[in-house]
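Working notes, beginning with the structure itself.
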Amino acid sequence: MSDPIEAFFGQLARQPPGRLLRRTAGTIRFELEGPDGLDVWHLTIEHGRIAVDRRARHADTVIRTRRDFFLRMCRGEAKPLPAWLRNEFTAEGHFRFVVLLERLFAAPSGARHPRALTGDPG
């Protein structure tokens, strides 16, 4: 797969993040605006598994952003929640899936859990 976005969604389907909660269920549609038009990706999340397809159909949450910004999130260069607060993407539907994006995307390089800094074992 030469397209990094296609590779990102393919990886999600093959190996969902371990941080994905088993009791999470729902759908997210991503609409990515680019120079060649609109790319649509649809995720179905159920019991810790993710199915990916390219159909534009109803979803619990619809995420809209530019393709180049989505690539930054895929690479861990931008975190979803701060990006949403800065209007770098918009979301319609259930907010819980906006929060879930933090679990789907890679952490920024060099990121550590705050407990690692304090020595708190959790």
Side-chain angles (χ1 to χ4, degrees):
M1 288 182 210
S2 60
D3 179 26
I5 292 177
E6 187 174 344
F8 169 77
F9 283 115
Q11 179 65 25
L12 280 181
R14 282 189 306 280
Q15 187 176 6
R19 304 177 300 170
L20 188 62
L21 302 176
R22 296 252 178 237
R23 64 181 183 261
T24 300
T27 56
I28 305 171
R29 185 175 73 229
F30 292 90
E31 297 180 352
L32 310 178
E33 301 169 8
D36 298 328
L38 190 67
D39 284 339
V40 176
W41 295 88
H42 192 274
L43 302 184
T44 302
I45 303 166
E46 191 170 15
H47 305 298
R49 289 184 220 149
I50 298 176
V52 177
D53 65 58
R54 300 293 307 265
R55 294 180 290 168
R57 53 192 168 106
H58 175 76
D60 297 316
T61 301
V62 178
I63 306 291
R64 291 182 184 95
T65 191
R66 294 180 333 272
R67 181 179 165 78
D68 60 334
F69 181 75
F70 189 83
L71 279 168
R72 290 186 56 219
M73 287 198 306
C74 290
R75 292 189 298 251
E77 296 170 3
K79 292 183 58 67
L81 283 177
W84 176 75
L85 290 170
R86 290 188 305 266
N87 285 326
E88 291 177 308
F89 72 83
T90 62
E92 293 178 14
H94 298 282
F95 183 72
R96 66 187 173 112
F97 290 109
V98 174
V99 174
L100 178 73
L101 294 178
E102 291 287 326
R103 295 175 184 264
L104 296 181
F105 288 91
S109 63
R112 293 177 287 173
H113 193 283
R115 290 187 183 135
L117 296 175
T118 63
D120 181 6

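Hydrophobic clustering places Ile45 together with Val52 (ILVMFWY residues linked when any side-chain heavy atoms are closer than 4.5 Å, directly or through intermediates). Residue Leu12 is not grouped with residue Val62 when hydrophobic side chains (ILVMFWY) are merged at heavy-atom distances under 4.5 angstrom, including chains of intermediate members. By the criterion of side-chain heavy atoms lying less than 4.5 angstrom apart, applied directly or through intervening Ile, Leu, Val, Met, Phe, Trp or Tyr residues, Leu38 is not grouped with Met73; the two fall into different hydrophobic clusters. Residue Val40 is not grouped with residue Phe69 when hydrophobic side chains (ILVMFWY) are merged at heavy-atom distances under 4.5 angstrom, including chains of intermediate members.
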Exercise. Quick one: do His58 and His42 satisfy side-chain contact (heavy atoms from CB on, under 4.5 Å)? Show the steps, please.
Key: CA-CA 9 Å; His58 175 76; His42 192 274; over 6 Å; no
Quiz item: Can Phe30 and Leu43 be said to form a side-chain contact (heavy atoms from CB on, under 4.5 Å), step by step?
Solution: CA-CA 8 Å; Phe30 292 90; Leu43 302 184; 3.6 Å; yes
Exercise. Carefully, step by step, assess Arg75 and Leu71 under the rule side-chain contact (heavy atoms from CB on, under 4.5 Å).
Key: CA-CA 6 Å; Arg75 292 189 298 251; Leu71 279 168; 3.9 Å; yes
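Nearest heavy-atom pair across Cys74 and Phe8 is SG-CG, 3.5 Å. The heavy-atom pair separating Ala91 from Val98 by the smallest distance is CB-CG2, 3.4 Å.
Taken to the nearest 0.5 Å, the CD1 atom of Ile5 stands 3.5 Å off from the CZ atom of Arg67. Note: Phe105 CZ to Leu100 CG = 10.0 Å, rounded to the nearest 0.5 Å. With values rounded to the nearest 0.5 angstrom, Arg29 atom CZ is found 11.0 Å from Asp53 atom CG. Note that the OG1 atom of Thr24 and the CD atom of Glu46 stand 11.0 Å from one another [nearest 0.5 Å].
Counting only distance, with no hydrogens or angles, the side chain of Thr61 and the backbone of Ile28 share no donor-acceptor pair below 3.5 Å. With hydrogens and angles disregarded, no donor-acceptor distance shorter than 3.5 Å links the side chain of Thr27 to the backbone of Thr44. Judged purely by atom type and a 3.5 angstrom limit, Thr65 uses its side chain to pair as donor or acceptor with the backbone of Glu88.
Under the 4.5 Å side-chain criterion, counting only non-hydrogen atoms from C-beta, Leu104 is not in contact with Phe97. Ile63 is not listed as a side-chain neighbour of Trp84, based on a closest heavy-atom distance of 4.5 Å or more.
Cation-pi geometry between Arg54 and Trp41 is met: under 6.0 angstrom from the ring centre, within 45 degrees of the axis.
Aromatic rings from Phe9 and Phe70 are positioned such that their centres are separated by under 6.0 Å.
A salt bridge between Glu102 and Lys79 is present, with a side-chain N of the basic residue lying under 4.0 Å from a carboxylate O of the acidic one.
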